[in-house]
2 protein chains.
Amino acid sequence: MERLARAAAGYYRDLTAAAARHGLTMTQAKMLILLRQPLPALAGRLACDASNITGLVDRLEARVSREADTADRRIKNVVATEEGREAVRLVRADMRGTSEAFARLDEEGRRTLYELLGRLHPEDTQKTT
Amino acid sequence: MERLARAAAGYYRDLTAAAARHGLTMTQAKMLILLRQPLPALAGRLACDASNITGLVDRLEARVSREADTADRRIKNVVATEEGREAVRLVRADMRGTSEAFARLDEEGRRTLYELLGRLHPEDTQKTT
DNA sequence: TATTGTTATACTCTATAACTATA
DNA sequence: TATAGTTATAGAGTATAACAATA
């Protein structure tokens, strides 16, 4: 457990630092990364209450935009702007440092790690509340 | 990277839920767990600014206490009270659910995972600022 | 002078509850 | 009546800057 905790902390430390270098908080970076896909419905994906999304999107400002849904006018689809997508590219590029640790593992090591991590957290359904 | 992100998110989700069940936030739980050892110096270990420790310790209230250092009167050593240690025990017991995923891995799988995670984040020196 | 801890301040993230506009 | 998003409010975590006590 200790080592898993350290690996998790290390990952988030790297992500936070990479995000900060490009004017984003970790949460903002995570949201923008999720928005690579047009955002399925809303963001139960961020494991937070719906009321947070409003402020989160507000603070992202130009990096994101709200678009009215044509089918259901209650829905506002959040999409990343070009500025937002560029920020994601930069953050992900900065995460290369972390990825490189992966790269240094041999092919078998990587496959093994994938499999073991997958067995630890087979599901990714983060419930809100 | 995706799978590492999911594993990290899964770990913290479990920890947050376990902590909440016992009246703690994730950060408070992490701090209390660190305090199993009498706290080396202060808490650069939490990867946060010194000014946060004050409020963090305040909010932990009875689960923690400040003790004056005999050698250097500027220093206040933070130690977990029995109530604090009990809270840690309960949280860690609740994390068994997560640990069990480990237990289901065979012996070799566990050793391999330890080694691979260790190679990803060999150091745990979290710099403040 | 330098360091430890605190206070003051400000911003982000979070949840709950009440509200609106749609459906 | 129910749902999607918002607003208002409150609390927790964070950093910066200024400060007191001690070294």
Side-chain angles (χ1 to χ4, degrees), chain A residues 9 12-13 15-17 19-35 38-61 63-79 87 91 126-129, chain B residues 9 12-13 15-17 19-35 38-61 63-79 87 91 126-129:
Chain A
Y12 281 118
R13 190 170 61 245
L15 177 56
T16 302
R21 255 172 255 128
H22 302 288
L24 294 169
T25 64
M26 184 187 66
T27 308
Q28 290 174 335
K30 285 204 298 191
M31 186 177 201
L32 274 182
I33 288 169
L34 278 179
L35 288 178
L39 191 74
L42 67 166
R45 299 293 294 269
L46 279 171
C48 70
D49 189 87
S51 63
N52 297 331
I53 306 300
T54 303
L56 214 41
V57 170
D58 286 349
R59 284 187 290 273
L60 277 170
E61 296 181 340
R63 286 164 290 209
V64 111
S65 77
R66 293 175 169 93
E67 305 199 349
D69 190 285
T70 50
D72 185 339
R73 288 191 298 168
R74 292 175 301 182
I75 296 175
K76 290 179 188 169
N77 292 306
V78 181
V79 299
V91 169
Q126 304 157 331
K127 280 208 300 277
T128 304
T129 301
Chain B
Y12 281 118
R13 190 169 62 244
L15 177 57
T16 301
R21 256 174 254 128
H22 302 288
L24 293 170
T25 65
M26 184 187 66
T27 308
Q28 289 174 336
K30 285 203 298 190
M31 186 177 201
L32 274 183
I33 289 169
L34 279 179
L35 288 179
L39 191 73
L42 67 166
R45 300 292 295 267
L46 279 170
C48 70
D49 189 88
S51 63
N52 297 331
I53 305 299
T54 303
L56 214 42
V57 170
D58 286 350
R59 284 187 290 272
L60 277 170
E61 297 182 340
R63 285 164 292 208
V64 110
S65 77
R66 293 175 169 93
E67 304 198 350
D69 190 285
T70 52
D72 185 340
R73 286 192 299 171
R74 290 175 302 183
I75 297 175
K76 290 179 186 169
N77 291 306
V78 180
V79 298
V91 169
Q126 303 156 333
K127 281 206 301 277
T128 303
T129 301

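Computation of the quantities below employed the complete heavy-atom set of this structure, encompassing side-chain atoms and omitting hydrogens, waters and symmetry-equivalent molecules. Keep in mind that what you see is a predicted model, and the values were worked out from it rather than measured. So you know, we letter chains A, B, ... as the sequences are listed, proteins then strands, and number each from 1.
The CD1-P distance, from B:Ile53 to D:dA12, rounds to 16 Å in whole Å. Here C:dT14 presents its C1' atom at 15 Å from CG of A:Asp58, a figure rounded to the nearest Å. Atom CG in A:Asn52 sits roughly 13 Å away from atom C1' in D:dG11 (whole-Å rounding). Distance, B:Met31 CE to D:dT14 P: 10 Å, rounded to whole Å. B:Leu24 has its CG atom 15 Å from the C1' atom of D:dG11, to the nearest Å.
Heavy-atom minimum distance, B:Val78 versus B:Val64: CG1-CG2, 3.7 Å. Pairing each heavy atom of B:Ala87 with each of B:Leu32, the nearest pair is CB-CD1, 4.3 Å.
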Expected string for nucleotides 17-23 of chain C under the B/S/- scheme (protein heavy atoms, under 4.0 Å, primed atoms plus P, OP1, OP2 as sugar-phosphate) is B---BBS
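Considering only residues two or more places apart in sequence or on other chains, B:Arg74 meets the side-chain hydrogen bond (donor to acceptor under 3.5 Å, both in side chains) condition with B:Asp72. Checked against side-chain contact (heavy atoms from CB on, under 4.5 Å), B:Ser51 has the following partners two or more places apart in sequence or in another chain: B:Asp49. Applying the side-chain contact (heavy atoms from CB on, under 4.5 Å) criterion to B:Glu61, with sequence neighbours excluded, gives no partner residue. For B:Thr16, the side-chain contact (heavy atoms from CB on, under 4.5 Å) partners two or more places apart in sequence, or in a different chain, are B:Met26.
No side-chain heavy atom of B:Thr25 sits less than 4.5 Å from a side-chain heavy atom of B:Arg59.
In this model, the phosphate group of D:dT6 is approached by a side-chain N or O of A:Arg66 to a distance below 4.0 Å at OP1 or OP2. Taking only side-chain nitrogens and oxygens, B:Lys30 never comes nearer than 4.0 Å to OP1 or OP2 of D:dG13.
The line from CD1 of A:Ile53 to CZ of A:Arg66 is 10.0 Å long, rounded to the nearest 0.5 Å.
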Which atoms of nucleotides 10-12 of chain C (N or O only) lie under 3.5 Å from a protein N or O atom, and what are those distances?
none

